[in-house]
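Here is how names work: the chains are called A, B, and so on, in the same order as the sequence lines, proteins then strands, and each is numbered from 1.
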Protein chains: 2
Amino acid sequence: MPTLADVGKAAGVSRGTVSNVFNRPELVRPELRERVEAAARALGFGGPDPKGRLLRDGKFNAIGFMPPGAYAIAEVMRSPYGRELVLGASLACDEAGTTLSLVNGTDNTRFASIREALVDGFILGHSADIGLITSAQRRRLPFVILESDAGPDINSIKIDGRSGAVAAVRHLTELGHRHFGILSIRRTPGPPIVHMPGQAKRPLLAGFPLDDERLDGFKQGLAEANLSIDDVPIIETTPGDPSVGAVVFDNVPEATAILTMSDWQAITILDEAVRRGIEVPGHVSVIGFDGTAESARTTPPLTTIAHDVIGKGRLAARMVLDNEPPRQVVLAVELVVRASTAAPRAKIR
Amino acid sequence: MPTLADVGKAAGVSRGTVSNVFNRPELVRPELRERVEAAARALGFGGPDPKGRLLRDGKFNAIGFMPPGAYAIAEVMRSPYGRELVLGASLACDEAGTTLSLVNGTDNTRFASIREALVDGFILGHSADIGLITSAQRRRLPFVILESDAGPDINSIKIDGRSGAVAAVRHLTELGHRHFGILSIRRTPGPPIVHMPGQAKRPLLAGFPLDDERLDGFKQGLAEANLSIDDVPIIETTPGDPSVGAVVFDNVPEATAILTMSDWQAITILDEAVRRGIEVPGHVSVIGFDGTAESARTTPPLTTIAHDVIGKGRLAARMVLDNEPPRQVVLAVELVVRASTAAPRAKIR
DNA sequence: ACCATAATTTGGAGCGCTCCAAGAATTTTG
DNA sequence: CAAAATTCTTGGAGCGCTCCAAATTATGGT
């Protein structure tokens with residue numbers, strides 16, 4: 001690999017002049033410039049190596065996106081929510097002329113990834129692991145954490161998940177539902193875990209603020225209707241796991257309404273319902289969470305607790321890019337009623 | 001920002017030892033290690049700066065994805081096709097522990113982006129601009145170009161677009177269709193451009209191999225049924241432009257079948273059909289291209305010319321990562337018949 | 001011609017790190 | 001207990017570049 005110095009030698013000029021030819025050509029006399037360019041071509045020199053510039057300037061011109069939980073980037077890209085988040089971030093990056101780096105952080109390499117990522121700042125997906133934040137802080141780069149409570153010194157953006165969850169339950173109880181099933185989020189790899197009422201050690205606190213808050217909202221909403229969450233089956237499942245539908249219908253046949261924590265989970269239920277000839281919302285109502293574009297395209301279109309996911313991603317990127325004093329943003333959620341919820345009509349089977 | 005040297009001074013050891021503490025802790029005596037770690041903590045040193053290591057090692061551990069055409073990354077993320085491509089690439093990156101950098105290349109900054117991206121290789125979206133390839137070659141990094149003919153010295157992956165287009169037309173003519181509309185891809189920003197038969201300067205060669213090839217396939221397929229593409233209206237439109245549906249139905253009311261170059265275009269047509277009460281496939285058949293996941297979820301599900309988009313993205317990343325001798329891969333396409341195509345039943349209006 | 005002024009070009013000084021050969025300290029061996 | 005072997009630590013040599021003050025060369029006015 002030829003370097004600036006090599007080209008300089010070949011053209012009989014100094015390193016600095018070659019640098020100028022490439023970066024500020026107006027500074028160098030046209031004929032000389034041409035001679036240098038010729039030398040560069042002859043040597044197959046394709047321009048100053050970014051590595052050198054980088055060390056000198058110290059700017060990567062990139063921000064990193066780190067997946068939430070223990071997910072890999074590919075899993076983020078699969079999920080409707082993740083895609084909109086990344087889309088939003090890329091929108092802001094497009095505007096700023098910055099690169100968006102999708103940083104892979106598998107469980108154990110997560111901290112190392114943060115330490116070594118070639119970025120000027122981070123968007124961190126939510127995490128139960130406080131160490132992540134410490135890691136990010138150590139790096140002394142601007143960062144924002146999504147869907148986590150991280151205190152006043154740290155940039156964070158979250159939605160009002162509790163209100164959203166309450167609104168979801170209210171909507172359903174107002175329609176007359178009394179028998180529910182709840183889909184919470186499984187944070188480790190594996191099949192759905194069914195927690196029936198009365199069973200010990202129900203996952204009422206998963207450790208992830210996102211999940212806990214929504215579960216708490218469900219609890220509150222149920223309480224308002226004189227129902228107890230303790231009587232409601234909870235199924236922990238990875239969003240997108242296609243097997244959850246079967247698990248739900250097999251284990252919670254009496255439910256007339258399914259509360260979820262993501263549109264993707266709700267969509268999975270819809271798919272299984274079609275397979276079994278169960279009508280939505282005739283036999284069972286399903287409510288999503290997040291209000292992704294996908295939720296509007298399903299059959300029937302999903303009722304969901306929506307927020308501006310793209311806007312969230314975009315704001316996150318902007319906060320990192322702008323590097324202003326830390327702030328904590330809480331985004332509003334909105335119940336969007338579509339066609340997947342209705343008054344209960346008949347029991348399944 | 002403290003450096004290795006600073007920490008070394010504070011701990012009374014050398015730069016090298018501090019480096020070892022962080023990178024090969026087993027090489028340094030536990031008590032010394034602790035002293036160094038304490039000093040690092042005290043100084044708020046969060047580990048060796050990746051910039052330095054980078055210059056030294058020369059590896060970014062990242063590959064860059066550059067959007068096709070003149071699109072920005074955000075546009076890629078919006079498109080079903082683009083998302084699956086990125087998903088595929090991220091899958092390979094996950095496996096390899098590499099970062100995927102979404103490199104922004106707006107028209108004029110495109111070449112500069114290639115010159116300066118902090119990556120070890122590139123996935124280039126297709127382009128009509130040969131300069132892109134030259135740029136990439138100059139950088140002397142492994143790269144692969146998608147959906148372009150770039151000769152035997154260059155990694156490329158493309159689908160057999162011609163056969164796909166022929167198959168699409170055949171499917172429709174076999175169903176009895178004789179009146180078509182074609183959606184080709186507009187490569188500049190702006191609203192749909194309608195090219196009616198007989199008009200001069202129809203975009204039969206857009207300069208993009210991808211478009212040209214498919215158009216050529218449509219032509220061939222039509223010819224097989226004794227139809228001429230010269231009699232078929234062609235509408236150039238950016239995939240995803242929601243206005244194209246109206247343009248199509250207003251300008252080509254006699255068409256009983258719409259050929260497209262992407263699922264997204266087809267989906268847009270579907271949306272407008274719903275709005276106008278036009279039945280698909282009753283009044284008009286619509287056929288997509290690419291076979292993205294979205295195409296299976298529409299109402300009605302789209303008939304489409306499918307290929308393994310995720311696999312393509314994954315293979316692309318692998319080729320860059322593996323850096324083997326250049327090869328040219330042509331991926332098979334497959335006609336997937338779903339419910340958006342049927343025999344023509346009635347004329348619209 | 002000659003000097004002031006303007007236009008170009010130069011090369012040193014890092015940017016922060018890792019590698020590595022060599023030196024220092026410690027432990028083992030005969 | 002000295003010599004040999006082993007374990008640790010050190011600091012020089014870059015990695016390739018950009019910035020900048022200083023040196024060199026060209027231009028212009030008298």
- Please report how far the helix from C:dA1-D:dT30 to C:dG30-D:dC1 bends, comparing the axis fitted to its first five pairs with the axis fitted to its last five, to the nearest 10 degrees.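 Roughly 40° between the end axes, to the nearest 10°.
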- Steps toward side chain to side chain contact (heavy atoms under 4.5 Å, CB included) verdict (B:Arg35, B:Val13): CA-CA 10 Å; B:Arg35 200 167 89 222; B:Val13 299; 3.7 Å; yes
- Item | Partner residues of A:Glu26 under the salt bridge (charged side-chain N to carboxylate O under 4.0 Å, His left out) criterion, sequence neighbours left out | none
- Query: Sequence neighbours excluded, which residues qualify as salt bridge (charged side-chain N to carboxylate O under 4.0 Å, His left out) partners of B:Glu147?
  - Reply: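 Counting only residues at least two positions away or on another chain, B:Glu147 forms a salt bridge (charged side-chain N to carboxylate O under 4.0 Å, His left out) with B:Lys312.
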How many angstroms lie between [atom1] in [X] and [atom2] in [Y], if you round to the nearest 0.5 Å?
| X | Y | atom1 | atom2 | value |
| --- | --- | --- | --- | --- |
| B:Asp129 | B:Thr134 | CG | OG1 | 8.0 Å |
| B:Leu132 | B:Gln137 | CG | CD | 11.0 Å |
| A:Asn104 | B:Asp94 | CG | CG | 4.0 Å |

Pairs under 3.5 angstrom only: tabulate donor-acceptor contacts from the side chains of residues 53-80 of chain B to other protein residues two or more places apart or in another chain.
from: B:Glu75; atom 1: OE1; to: B:Ala72; atom 2: N; distance (Å): 2.7
from: B:Ser79; atom 1: OG; to: B:Tyr81; atom 2: N; distance (Å): 3.3
from: B:Ser79; atom 1: OG; to: B:Gly82; atom 2: N; distance (Å): 2.7

- Non-neighbouring partners of A:Asp322 that pass side chain to side chain contact (heavy atoms under 4.5 Å, CB included), sequence neighbours left out: A:Arg318, A:Glu324
- Task: Verify side chain to side chain donor-acceptor pair (under 3.5 Å) between B:Ser101 and A:Ser101, making sure each step is shown before the conclusion.
- Result: CA-CA 4 Å; B:Ser101 280; A:Ser101 281; 3.0 Å; yes
- Task: Dump the intermediate steps for side chain to side chain donor-acceptor pair (under 3.5 Å) on B:Ser113 and B:Arg115, then the final yes or no.
- Result: CA-CA 5 Å; B:Ser113 289; B:Arg115 246 182 39 196; over 6 Å; no
- Message: Going 5' to 3' along DNA chain C, between which two nucleotides do contacts with chain A fall, using a heavy-atom cut-off of 4.0 Å?
- Response: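 Contacts span C:dT8 to C:dG16, reading 5' to 3'.
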- Query: Among residues 7-14 of chain A, which contact DNA chain C at a heavy-atom distance under 4.0 Å?
  - Reply: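 Correct list: A:Val13, A:Ser14.
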- Interface with DNA chain C, restricted to residues 16-35 of chain B and to heavy atoms under 4.0 Å: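 Close to the strand are B:Ser19, B:Asn23, B:Arg24.
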- Message: Could you check whether any side-chain N or O of B:Arg140 sits under 3.5 Å from a backbone N or O of A:Gly46, counting only pairs where one atom can act as donor and the other as acceptor?
- Response: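 Answer holds: no.
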- Task: Using modelled atom types only, decide if a donor and an acceptor are shared between the side chain of A:Arg314 and the backbone of A:Ala92 within a distance under 3.5 Å.
- Result: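 The answer is no, because no donor-acceptor pair under 3.5 Å joins these two groups.
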- Can you name the residues that form a side-chain hydrogen bond (donor to acceptor under 3.5 Å, both in side chains) with B:Arg15, not counting sequence neighbours?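 Not a single residue meets the side-chain hydrogen bond (donor to acceptor under 3.5 Å, both in side chains) criterion with B:Arg15.
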- Item | Close approaches to DNA chain D from residues 49-63 of chain B, in residue order (heavy atom, under 4.0 Å) | B:Leu55, B:Arg56
- Task: Taking ring pair (Phe, Tyr, Trp, His ring centres under 6.0 Å) as the test, write out the residues that go with B:Phe111, two or more places apart.
- Result: none
- B:Arg187 charged N/C atom sitting above B:Phe208 aromatic ring, 6.0 Å / 45°: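 Pair B:Arg187/B:Phe208 counts as cation-pi.
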Atom pairs, protein N/O to nucleotides 22-24 of chain D N/O, distance under 3.5 Å:
none

- Item | Side chains of A:Ile123 and A:Val320 in contact at under 4.5 Å (non-hydrogen atoms) | yes
- Note, A:Leu315 side chain near A:Ile157 side chain (heavy atom, < 4.5 Å): yes
